[in-house]
Amino acid sequence: MEPAGGGGDSRGLPSADPRSTFVLSNLAEVVERVLTFLPAKALLRVAGVCRLWRECVRRVLRTHRSVTWISAGSADAGHLEEHCLVRVVAEELEATRKRTTMETAFALEKLFPKQCQVLGIVTPGIVVTPMGSSSNRPQEIEIGESGFALLFPQIEGIKIQPFHFIKDPKKLTLERHQLTEVGLLDNPELRVILVFGYNCCKVGASNYLQRVVSTFSGMNVILAGGQVDNLASLTSEKNPLDIDATGVVGLSFSGQRIQSATVLLNEDVNDQKTAEAAMQRLKAASIPERNTLGFMFACVGRGSQYYRAKGNVEADAFRKFFPSVPLFGFFGNGEIGCDRIVTGNFILKKCNEVKDDDLFHSYTTIVALIHLGAAK
């Protein structure tokens with residue numbers, strides 16, 4: 001016999017109407033989809049409307065703080081239902097085959113807010129995890145046209161800065177303030193530097209790259225990168241870049257929460273077994289896999305030809321030990337890095353007396369992990 005007044009639980013409280021629960025869940029889904037079109041500041045302003053909206057805003061903001069990537073061409077293996085900006089950027093990347101590189105770069109730059117900076121490079125081949133899930137199999141793409149965009153959100157306690165130095169025959173050395181402004185000097189929280197030399201086939205390009213790297217190579221930071229064909233975009237530049245210019249671009253990662261490690265696959269690594277052994281060394285660094293990115297910078301002379309017509313060897317070896325970490329990178333014309341592990345308490349485990357010459361390689365692969373701290 002039911003208590004007077006309808007249903008209830010043992011405490012005499014009214015039980016939830018399944019129909020109202022269904023309506024609220026559907027309403028929340030609609031609200032979240034609408035809120036994805038708003039920037040973070042606008043989301044914070046509407047968060048106080050009601051409890052439902054506050055919960056929706058919290059979930060949407062969480063997606064805004066996660067790293068997102070977009071793949072185009074042969075790397076595209078799924079549909080990503082996230083912020084509308086992601087879908088538009090994906091469409092622009094897919095249109096690359098119908099435009100010049102610079103046209104695509106300008107189109108992408110117009111999509112982002114003015115405070116965002118876009119760094120774009122062109123390489124002989126790419127390494128990418130297809131969009132959709134971090135557990136997708138990463139691909140080494142050596143033939144055909146394809147690309148990817150990696151979008152970093154604003155993360156509390158972490159600063160990511162692009163830098164660009166153009167080779168000037170009249171100035172053989174960089175001034176200290178140039179390095180300080182982009183976080184490469186006088187920055188106690190600097191943890192990782194990804195560095196790329198462009199127009200590397202030009203006379204003096206390699207020497208200039210080595211000269212730039214030598215200014216910060218002795219620091220207790222993770223250093224990885226390589227030489228690429230050319231620079232496609234850097235929104236922080238006010239003037240268009242001379243097509244014959246050579247220089248160095250990259251990203252600096254600063255923040256106490258960052259952990260990182262690199263491993264070098266030298267010429268002795270030439271089969272699946274030795275590639276997996278190298279990745280096992282990287283695994284031993286004990287870098288947390290959650291909120292972590294993998295980067296692979298390989299010589300254009302490696303890949304399937306290097307592994308006796310067997311493709312994707314190094315990317316598959318990475319996935320075996322890091323199944324939930326997305327992997328990105330390229331095939332280039334020279335590699336930068338070494339075996340180096342910087343732990344959470346910032347103690348250099350290997351390569352602590354590295355010389356500049358030990359950082360530059362050919363017919364090798366550099367694989368790096370960058371952990372951006374626990375997601376909040």
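Without hydrogens or angle criteria, Thr129 side chain to Ser134 main chain gives no donor-acceptor distance under 3.5 Å. A distance-only check finds a donor-acceptor pair linking the side chain of Lys283 to the backbone of Phe321 [under 3.5 Å]. Formation of a donor-acceptor pair under 3.5 Å by the Glu181 side chain with backbone atoms of Gln178 is not found in this model. For Asp339 (side chain) and Val263 (main-chain N/O), no donor-acceptor pair under 3.5 Å exists by modelled atom type. The backbone N or O of Glu289 sits nowhere less than 3.5 Å from a side-chain atom of His371 that would complete a donor-acceptor pair. Panel note: side chain Ser252, backbone Val182; a donor-acceptor pair is recorded below 3.5 Å. Put simply, the side chain of Gln256 never gets that close to the backbone of Glu189: no donor and acceptor are under 3.5 Å apart. A distance-only check finds a donor-acceptor pair linking the side chain of Asn199 to the backbone of Ala245 [under 3.5 Å]. The backbone N or O of Val127 sits nowhere less than 3.5 Å from a side-chain atom of Gln139 that would complete a donor-acceptor pair. The main-chain N or O of Gly337 is found under 3.5 Å from a side-chain atom of His361 such that the two form a donor-acceptor pair.
Ion pairing of Lys310 with Asp271 is absent here, as no side-chain N (NZ or NE/NH1/NH2) approaches a carboxylate O to less than 4.0 Å.
The two residues Glu156 and Arg257 have their closest heavy-atom pair at O-NH1, 2.5 Å. Heavy atoms only, all atoms of each residue included: Glu140 and Asn312 are closest at N-OD1, 2.7 Å. What you find for Asn291 and Gly373 is that their closest heavy atoms are ND2-O, 2.7 Å. Of all heavy-atom pairs spanning Ser71 and Pro130, the tightest one is OG-CA, 3.7 Å. Across Ile370 and Phe295, no two heavy atoms sit closer than the pair CD1-CE1, 3.7 Å. Taking each heavy atom of Ile158 and Leu372 in turn, the nearest pair found is CD1-O, 2.9 Å.
Using a 30° and 60° split on the angle between ring planes, Phe328 and Trp69 fall in the perpendicular class, above 60°. The aromatic rings of Phe330 and Phe297 sit tilted, their planes meeting at an angle between 30° and 60°.
A distance of 6.5 Å separates OG in Ser304 from CD1 in Ile143, rounded to the nearest 0.5 Å. For the atom pair Ser254 OG and Lys159 NZ, the distance stands at 7.5 Å (nearest 0.5 Å).
Proximity of Val122 to Val228: side-chain heavy atoms (C-beta onward) are nowhere separated by under 4.5 Å. Considering only heavy atoms from C-beta on, Leu264 stays 4.5 Å or farther from Glu335 through its side chain. Inter-residue side-chain proximity for Asp229 and Tyr198 is flagged as unmet; no heavy-atom pair is nearer than 4.5 Å.
Within the cation-pi definition used here (under 6.0 Å to the ring centroid, within 45° of the axis), Arg302 qualifies as a partner of Tyr306.
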Subject >> Verdict with supporting geometry, Ile126 and Ser146, side-chain contact (heavy atoms from CB on, under 4.5 Å) >> reply: CA-CA 8 Å; Ile126 68 168; Ser146 56; 3.5 Å; yes
**OP:** Verify side chain to side chain donor-acceptor pair (under 3.5 Å) between Arg340 and Thr262, making sure each step is shown before the conclusion.
**Re:** CA-CA 5 Å; Arg340 176 172 280 190; Thr262 52; over 6 Å; no
Original post:
side-chain contact (heavy atoms from CB on, under 4.5 Å) between Leu327 and Leu293: does it pass, once the steps are laid out?
Top reply: CA-CA 6 Å; Leu327 181 67; Leu293 297 170; over 6 Å; no
